[in-house]
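Next up is a structure, given as structure tokens.
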2 protein chains.
Amino acid sequence: MLNKTRGRPRGNPDTRARIAKVARELFLKHGYPGTTVRAVAAAAGVDSALISYHFGSKQGLFSQSLNLLCVDPTALDQALRGDQAGLADRLLDSVTDLWDATVPAENQMAVQDDDTMRALRDYLDGELRLRIAEFLDGPDATQRATAAVGVLGGLIFTRYLNPIRSIGGLSPADVRRVFGPALRAALHGRPRRA
Amino acid sequence: MLNKTRGRPRGNPDTRARIAKVARELFLKHGYPGTTVRAVAAAAGVDSALISYHFGSKQGLFSQSLNLLCVDPTALDQALRGDQAGLADRLLDSVTDLWDATVPAENQMAVQDDDTMRALRDYLDGELRLRIAEFLDGPDATQRATAAVGVLGGLIFTRYLNPIRSIGGLSPADVRRVFGPALRAALHGRPRRA
DNA sequence: AGCATTATTCAACTGTGTTGAATAAAACCC
DNA sequence: GGGTTTTATTCAACACAGTTGAATAATGCT
């Protein structure tokens, strides 16, 4: 396509990094299905086969270029160390801190990628829920932790994955204000008996 | 492909309905990208072009065969009529009533369809949020309604769209128990002042 | 009966992700 | 420092996806 003389190029240009960079931008701008491997290749000035070579597959390109986390692990560690009263706010902050940085507001990404969904699911249901349950430690701790990940999942979903205006438009402080009561109730409220 | 003599068939078989039925099953079982138009056509014993003819496009097939609603409108009307105390429970029930019926538990659908996402978003942000705000009517009513759709969106997301085990496995009664405190706080709690 | 409409298959087109062969620079070895 | 292996790249092609246009046969209308 682009007659760039076959074979290895001069110098050692980090083509892989360049591809990852433009891929990241395109994925955030157009979403997963809306971004074609060929478009990424063209934007990086490279043959599309090179992407399979470096990243294995389109899914590989996606996860390796975007590497999304749900919550910054160190932020979570800190959130799970302070007093119980401020826990909700700290959790909310650790979500907005990470996602607001990686998913800029104007790039409304409708993430539609299997691997990402799976990763998010596993993280919410596994790590996050268990850590919260352990921190809460009281009667109904696991049930309350489940409620909490439900609320946090709702925040992630309605603000980043399928952003609805009235929530996507909030500032991080607003998020604390709006989601605070619900999350506090989920964490500390008493689920009614069966 | 299947030598079924060209042209219109004898009788008036409702082929369109048959296609919609098998499409629904396949979409629920394999998700949107995992279901090919050709596979639906094959399962319905029909040429794939017929699907474009009847439904316009794959997206059309999806929305018209699955026609998802977020909340049953009449159920919502009833939920928004009773006393404030039971509102949270009634809202939760109207979600589980509809979705548990249309998305059977074993069919974990990871909905990844643009139109559906858009519809869900518009519904949550428009209709549902406004109706709730109007019903609440007090100071911060819109802010509390926003929080409520955040929580309900979380339920829909973590139970149906990207179902995590600890929430997908709950009975509708459990859902009331687990999400009740958070939703009640969202609806009636006082958001802290700025 | 005749004509327009509708439902269907077939063949083809474009675009997508991926793979195998060819090629040239870099890295390693003795 | 020359020879070999490894790595990075382009090119050509494949298989499959969704969609479209033409051909065809049954139905419905007048």
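Chain naming here is simple, since letters A, B, ... match the order of the sequence lines and numbering starts at 1 in each. Just so it is clear, the model here is predicted, and its values are computed rather than measured.
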Practice task
Send over the distance from A/Arg10 CZ to D/dT7 C1', rounded to a whole Å.
Solution key: 16 Å
Problem - Flag, side chain of A/Asp77 to backbone of A/Thr74, donor-acceptor distance under 3.5 Å - result: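 Side chain of A/Asp77 to backbone of A/Thr74: no pair is present.
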Handout entry: Residue mapping more 5' on DNA chain D - nearest nucleotide basis, A/Arg8 or B/Gly56
Key = A/Arg8
Exercise for the section: Can you figure out which of C/dT18, D/dT10, D/dA8 approaches the side chain of A/Ser57 most closely? Expected result: C/dT18
Problem - A/Ala49, nearest nucleotide to its side chain (from C/dA26, D/dT19, D/dC11) - result: D/dC11
Problem - Interatomic distance where NZ belongs to A/Lys4 and P belongs to C/dA22 [whole Å] - result: 22 Å
Practice task
Answer yes or no on whether B/Arg16 is positioned over the face of B/Tyr53, meaning its NZ or CZ is under 6.0 Å from the six-membered ring centre and within 45° of the axis.
Solution key: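 No, B/Arg16 does not lie over the aromatic ring of B/Tyr53.
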Practice task
Take B/Gly11 and B/Tyr53, find for each the nucleotide of DNA chain D with the closest heavy atom, and name the residue whose nucleotide sits nearer the 5' end.
Solution key: B/Tyr53
Practice task
Can you check whether any acceptor in the base of C/dT23 is under 3.5 Å from a donor in the side chain of A/Arg6, or vice versa?
Solution key: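 Result: no qualifying N/O pair found.
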Handout entry: Nucleotide C/dT18, atom P - distance to CG of A/Leu61 in whole Å
Key =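 So the two atoms are 9 Å apart, to the nearest Å.
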Practice task
Go through C/dT18, D/dA8, C/dT9 for me and flag the one nearest to the A/Lys58 side chain.
Solution key: C/dT18
Exercise for the section: Please report the closest heavy-atom contact between A/Thr146 and B/Ser166, naming both atoms and the distance. Expected result: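 In terms of heavy atoms, the two residues are closest at CG2-O, 3.9 Å.
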Practice task
Give a yes/no on whether any side-chain N or O of B/Asn12 is located under 4.0 angstrom from OP1 or OP2 of C/dT6.
Solution key: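 No.
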Problem - Protein-nucleotide distance (B/Ile19, atom CD1; C/dA7, atom P), rounded to Å - result: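 Rounded to the whole Å, the gap is 11 Å.
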Exercise for the section: For D/dT19, take OP1 and OP2 only and decide whether either is under 4.0 Å from a side-chain N or O of B/Ser48. Expected result: no
Problem - Integer-rounded Å distance: D/dA23 C1' and B/Leu50 CG - result: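 One finds 15 Å between C1' of D/dA23 and CG of B/Leu50, rounded.
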Practice task
Using a cut-off of strictly less than 4.0 Å, decide whether B/His54 has a side-chain nitrogen or oxygen near OP1 or OP2 of C/dT8.
Solution key: yes
Exercise for the section: Measure the distance from CZ on A/Arg16 to P on D/dA8 and round it to the nearest whole Å. Expected result: 10 Å
Fill in the blank from the handout: note: A/Asp14, atom CG; D/dT7, atom P; distance rounded to Å ~ 16 Å
Problem - Inter-residue atom distance B/Leu136.CG - B/Leu80.CG, 0.5 Å rounding - result: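 With rounding to 0.5 Å, CG (B/Leu136) is 8.5 Å from CG (B/Leu80).
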Practice task
Report the nucleotide, chosen from C/dT18, D/dA8, C/dT9, that has the shortest atom-to-atom distance to any side-chain atom of A/Ser52.
Solution key: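 That would be C/dT18.
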Practice task
Determine whether any donor atom in the side chain of A/Arg38 lies under 3.5 Å from an acceptor atom in the base of C/dG17, or the reverse, and answer yes or no.
Solution key: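 Answer is yes: a donor-acceptor pair is held.
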Practice task
Would you check if the side chain of B/Arg159 reaches a backbone N or O of B/Leu170 as a donor-acceptor pair within less than 3.5 Å?
Solution key: yes
Problem - Candidate nucleotides D/dT9, C/dA7, C/dT16, ranked by approach to the side chain of A/Thr36 - the nearest - result: C/dT16
Handout entry: Euclidean distance, atom CG of residue B/Asp47 to atom C1' of C/dA12 [Å, nearest integer]
Key =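 Going from B/Asp47 (CG) to C/dA12 (C1'), I get 12 Å.
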